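Working notes, structure below.
So you know, we letter chains A, B, ... as the sequences are listed, proteins then strands, and number each from 1. Note that this is a predicted model, so its numbers are computed, not measured.
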4 protein chains.
Amino acid sequence: MRAMYLERPGKIVEKKIREPSPKEGEVLVRIRSVGVCGSDIHYYQEGRIGKFVVRRPLILGHECSGEVVEVGKKVDDLKVGDRVALEPGIPCRMCEHCKSGRYNLCSKIRFMATPPIDGAFVEYVAHPADFAFKIPRKISFDEAALFEPLAVGLYAAERARIKPTDKVLILGAGPIGLTTLQAVRCMRGVEVSVIDLYEFRLAKAKELGADEVINPKEEDIWKKLSSSFDVVFETAGSAVTVKQTVKLAKEGGRVILVGLPGEDEIALDTKQIVFKELDVLGMHRYANMYPRAVKLTQEGSINLKTLITHRFSFEETEKALKFARDNKDSCIKVIVRI
Amino acid sequence: MRAMYLERPGKIVEKKIREPSPKEGEVLVRIRSVGVCGSDIHYYQEGRIGKFVVRRPLILGHECSGEVVEVGKKVDDLKVGDRVALEPGIPCRMCEHCKSGRYNLCSKIRFMATPPIDGAFVEYVAHPADFAFKIPRKISFDEAALFEPLAVGLYAAERARIKPTDKVLILGAGPIGLTTLQAVRCMRGVEVSVIDLYEFRLAKAKELGADEVINPKEEDIWKKLSSSFDVVFETAGSAVTVKQTVKLAKEGGRVILVGLPGEDEIALDTKQIVFKELDVLGMHRYANMYPRAVKLTQEGSINLKTLITHRFSFEETEKALKFARDNKDSCIKVIVRI
Amino acid sequence: MRAMYLERPGKIVEKKIREPSPKEGEVLVRIRSVGVCGSDIHYYQEGRIGKFVVRRPLILGHECSGEVVEVGKKVDDLKVGDRVALEPGIPCRMCEHCKSGRYNLCSKIRFMATPPIDGAFVEYVAHPADFAFKIPRKISFDEAALFEPLAVGLYAAERARIKPTDKVLILGAGPIGLTTLQAVRCMRGVEVSVIDLYEFRLAKAKELGADEVINPKEEDIWKKLSSSFDVVFETAGSAVTVKQTVKLAKEGGRVILVGLPGEDEIALDTKQIVFKELDVLGMHRYANMYPRAVKLTQEGSINLKTLITHRFSFEETEKALKFARDNKDSCIKVIVRI
Amino acid sequence: MRAMYLERPGKIVEKKIREPSPKEGEVLVRIRSVGVCGSDIHYYQEGRIGKFVVRRPLILGHECSGEVVEVGKKVDDLKVGDRVALEPGIPCRMCEHCKSGRYNLCSKIRFMATPPIDGAFVEYVAHPADFAFKIPRKISFDEAALFEPLAVGLYAAERARIKPTDKVLILGAGPIGLTTLQAVRCMRGVEVSVIDLYEFRLAKAKELGADEVINPKEEDIWKKLSSSFDVVFETAGSAVTVKQTVKLAKEGGRVILVGLPGEDEIALDTKQIVFKELDVLGMHRYANMYPRAVKLTQEGSINLKTLITHRFSFEETEKALKFARDNKDSCIKVIVRI
């Protein structure tokens, strides 16, 4: 089968490799749609993210969906022909984190497109059946690939323990900011403000139900906003926005750090955390979010279609990566169709 | 009655003032013992803590106990002669925080010795009866005054959701570090390490049940410790220790920020919060902790006696403040007897 | 002013009494709309509910709204002319329950129309300002009176810790069943089935978003339903439905008992609670729910209008009580306009 | 190897069977000590517990410990010679319950000595390594076998969210009552009363730290106790005690149902659950409790030795079952040494 390998930073090469076989408990999936994630771009560009270094050719892509073409032994719930979205991280199922429901913290997790584990820019993937979720009929493969960034947004809302009457601020309106916005909106009675530097993204935020959008290039956020937010989500991963979080949260508020900043250290007013008794909560991917991603999208509470701004063919995988890298002002999510 | 006023930074003056009368729901308390807190020293020295500025003469002291000498109307549970410890912060009882059980976040709270509210270096205080807690017979006035710093430690443990098998690190072995240590120890099955620069304090930590004590002046903590702690308490309020917290916590760990650092900003490795999915939790004083302070001290699970290293008379109040300020290497808690 | 007194079971008498004055922290409210609650009917009929016995003439009615006509001292947030909904239970603000955020459990709570505390079938009521909530412009007095039963539904959903993908069953589609349904619906991604004996009520449930409605007179619920519900709400208060709860909940499920059964004891299959590790949670009124009732109704997520099926004048108060009692098949909520 | 089979109710037969081999991820364990549980006695006597029916010869026993004699592939943490306690229930690791940390609710769990899964009255058992917990040096095989009933007690305390100042009542002082007592005692600042019909058991409760023990044969519990308990544990599994739970809990209290009553239905005063807003929580075995069982026993906070009242040899397995069945007044826990 054909696979797109990151040969070295900045270079994608197509190769022919052997098709995998599904082991016990696995299904073989013909990949159909793969979303381009910021991390894919990062590996493509730099060859590493923090301690994760691409040391040998790696298949990128982890936001994916496809069709079951073969079923391994002891798989009851899926059959050939089923359309599925793949949750890309397979934990060990045996450590303290796995057993206590936080399998995203498993140190042995095998996560697609995180070196040295191969990802989804490939024709076939063998995957544990319990991490393959049936796609309801109304939902396309493209949308289903975006269950992955949606899972991040849903987990962010979960960490935040959103309740009606909460006043919420989302810093950043990229794919994660926009799925977080939609996840938050699934609890009614919430007011949401969104900040971003790109008008295109703010327009999407508005379309997806933001009560207020603010562009710091146009307005002084410190004049416009006060320390009045019950919940602040940081999804931009920049030092500037991380610093803003603790200042804009109110007493007893919660700050959710979703974005991964490049800086080794950020000068933070930690006194605010103490004085205001804040909860500053990090999050690493997600756990147990796919079922609700499916359900919420199916019933129309979440709109993934509008996040998809561009599509490329399998052959254009490298082009897709470059496009997503270079067009943050006009694209939200790029899909590669395998 | 006699009262000790902070006239200006560095100057305590005794004055005669009118004795208060207990209003409905209040008791009049003859103060007996007052603990000297770091905040008292800070106000004495600097005349301010952050936004709280001493603008007119202020009575310091908020860790206090005494005897009921008069009872206001509608007070059922207390009578003249009862020995009581006073919880020093009286909230408005009407705002969202008060009604939802987090009255420590009340913006209208009247907290003793926080300007402009007078404190306890005085002969008599009128106080709401429901914030005056009966002292069990075996417990002295001096110990009961220390229910206040104990409440801080108990609240820190509460915020941390300590569970058996937790590996705990406490940064700082001053009064708050040592009450936190004891609070943590009230949940069995926990391993506790304590770090401090003073051997005297580490010895106390050892006496109070620390499994391991470390002096960074003697040992390289980065050689000795790894990112393996389920819970890290920061009680020293220094930039150095705040920075250590997120590094020493393990995946899924909790960091409790108790100490108030002087720095406006601290360069923090916030990536650690994200990657390891930490909960970094601030705390502002405490709520609902006095009943358990009483109970735990009464049954002998908490030892407050050993924290009291020095005693002064009412006349020596200023001397007590200076002594506590200048002898961190040999004193834990200084008591003024009124 | 005029007041409607329950003179004895089955007899309402109008009397002239002195208008109250607002004390410190209180507002005087000209009552406009009062909803008739099942408990009002019960007191009217029987003169008692459990241990609460009407021993002297009592003003009934506790679901109420009106207009501020006078403002006591130390009231900042309200002014004459403000339209307000009254939360009818005033707790002591001093006991362990009040201080820890569960003021609904306060044993000294003064709850309107619970003997010996008078209720709202009267022209003027003096009420603590912090239990009087401003009504947004779009919401009528009639609707605002129903914030009270809505608060019950919202608290039921809160107790249930509803999450997306939950499969929910509501037993009973009276006023509380229907506010619970709407409260549950405020969390998207939930499937809700409703059971009731009256077609009229089931039609309302359907209108308000129930995915499935079942009438046990028409269908065998044991054929139709299995032990598959994450959450079961019992709002009917009958022995039959209480017994069904634990059978219809799935492993790890939650059962919320909202209705108050008349029976002293109900034969319950408690083995189901053990085997399936259920949480069977009672609830007594609510706490801290009015702000979210206001917000959710204001934004249109909750529809209270459709619950109001009949209206009566102040003079017709007794008629209203009788009508509500006798027409369960055609009325949901009866409003008395004062 | 030798194995003791329940041939039919009331008949244990020794057979020779083939020794198992450890699969990938498993260890082969030479069983040393097995505790006799009430469920073993029940199966021995009746051949069934509820829906679980012994349809073919079954090896009983699930409280067990032993020595690793062979190690399967991909086992890193254990080696030949390690002494281990076996957590007897192996979940599927793939369902919603397993993935969310409540693997005890897994419908596919394979639990030792629950038909048709064989148990521990046998010489060798192959067991997943992550469900085999190393026994600290100071702890004997006999004690380690009792980690199992201890896990039940620890989970009961976990479900109860015990906090200092809680007033706790334990109904029943059999093995589970006594491990629950010890688990509760691991949180300091708690007062515990224990009720049982046997003086022998009450004496053990007293020895293990109960503040108060009550024998209903000697004293009228309704005269002695009021509805004042924050937490009530039902461990006796009798209709009488289940009925007492909701009456003895206070407002806002928690009732933990641990024992499995024989009755199909129990007449319960469910009004109490509603009025007092109780949490009535069932529990099915436990999850994630072995690590804390090991830790708490190791540090001496839990005393399992005193629970062991009688020991039998492997050959005497049937005698052990009969003895435990017939001597509730003088025995707590019977151990069979394999």
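- Each of Glu87(C), Glu158(C), Glu148(C), Arg159(C) was checked for a side chain to side chain donor-acceptor pair (under 3.5 Å) with Tyr286(C), and the lone residue meeting it is Glu148(C).
- Here Leu105(D) is the residue among Asn104(D), Leu105(D), Val255(D) with the most heavy-atom pairs under 4.5 Å with chain C.
- Environment of CG in Asp264(D): sparse, with no more than 12 heavy atoms of neighbouring residues, nucleotides or ligands closer than 6.0 Å.
- Chain C forms the most heavy-atom pairs under 4.5 Å with one residue out of Leu260(D), Ile266(D), Asp279(D), and that residue is Ile266(D).
- Contact check on Lys243(C) versus Asp269(C) returns no salt bridge, with no Lys/Arg side-chain nitrogen under 4.0 Å from an Asp/Glu carboxylate oxygen.
- Of the two parts of Glu263(D), only the backbone, made up of N, CA, C and O, holds a non-hydrogen atom closer than 4.5 Å to a non-hydrogen atom of chain C.
- With a threshold of 4.5 angstrom between heavy atoms, Leu278(C) approaches chain D through N, CA, C or O but not through any side-chain atom.
- Classification of the Tyr290(C)-Phe147(C) ring pair by plane angle, with boundaries at 30° and 60°, yields perpendicular.
- Only the side chain of Val242(D) comes within contact range of chain C, with at least one heavy atom under 4.5 Å from a heavy atom of that chain.
- Looking at Lys51(D), neither its backbone nor its side chain comes within 4.5 Å of chain C, counting heavy atoms on both sides.
- No part of Arg254(C) comes within reach of chain D, as not one of its non-hydrogen atoms sits under 4.5 angstrom from that chain.
- Per-residue heavy-atom pair counts under 4.5 Å with chain D were compared for Lys271(C), Lys276(C), Glu251(C), and the maximum is reached by Lys271(C).
- Residue Arg285(D): no heavy atom, backbone or side chain, is found under 4.5 Å from chain C.
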Would Leu248(C) and Trp222(C) count as a side-chain contact (heavy atoms from CB on, under 4.5 Å) here? Give the steps. CA-CA 9 Å; Leu248(C) 291 167; Trp222(C) 300 109; 3.7 Å; yes
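- Other residues, nucleotides and ligands contribute at most 12 non-hydrogen atoms within 6.0 Å of the NZ atom of Lys108(D).
- Chain C forms more heavy-atom pairs under 4.5 Å with one residue of Ile273(D), Leu268(D), Leu257(D) than with any other, namely Leu268(D).
- Note: Tyr103(C) and Phe131(C) have perpendicular aromatic rings, judged against thresholds of 30 and 60 degrees for the angle between ring planes.
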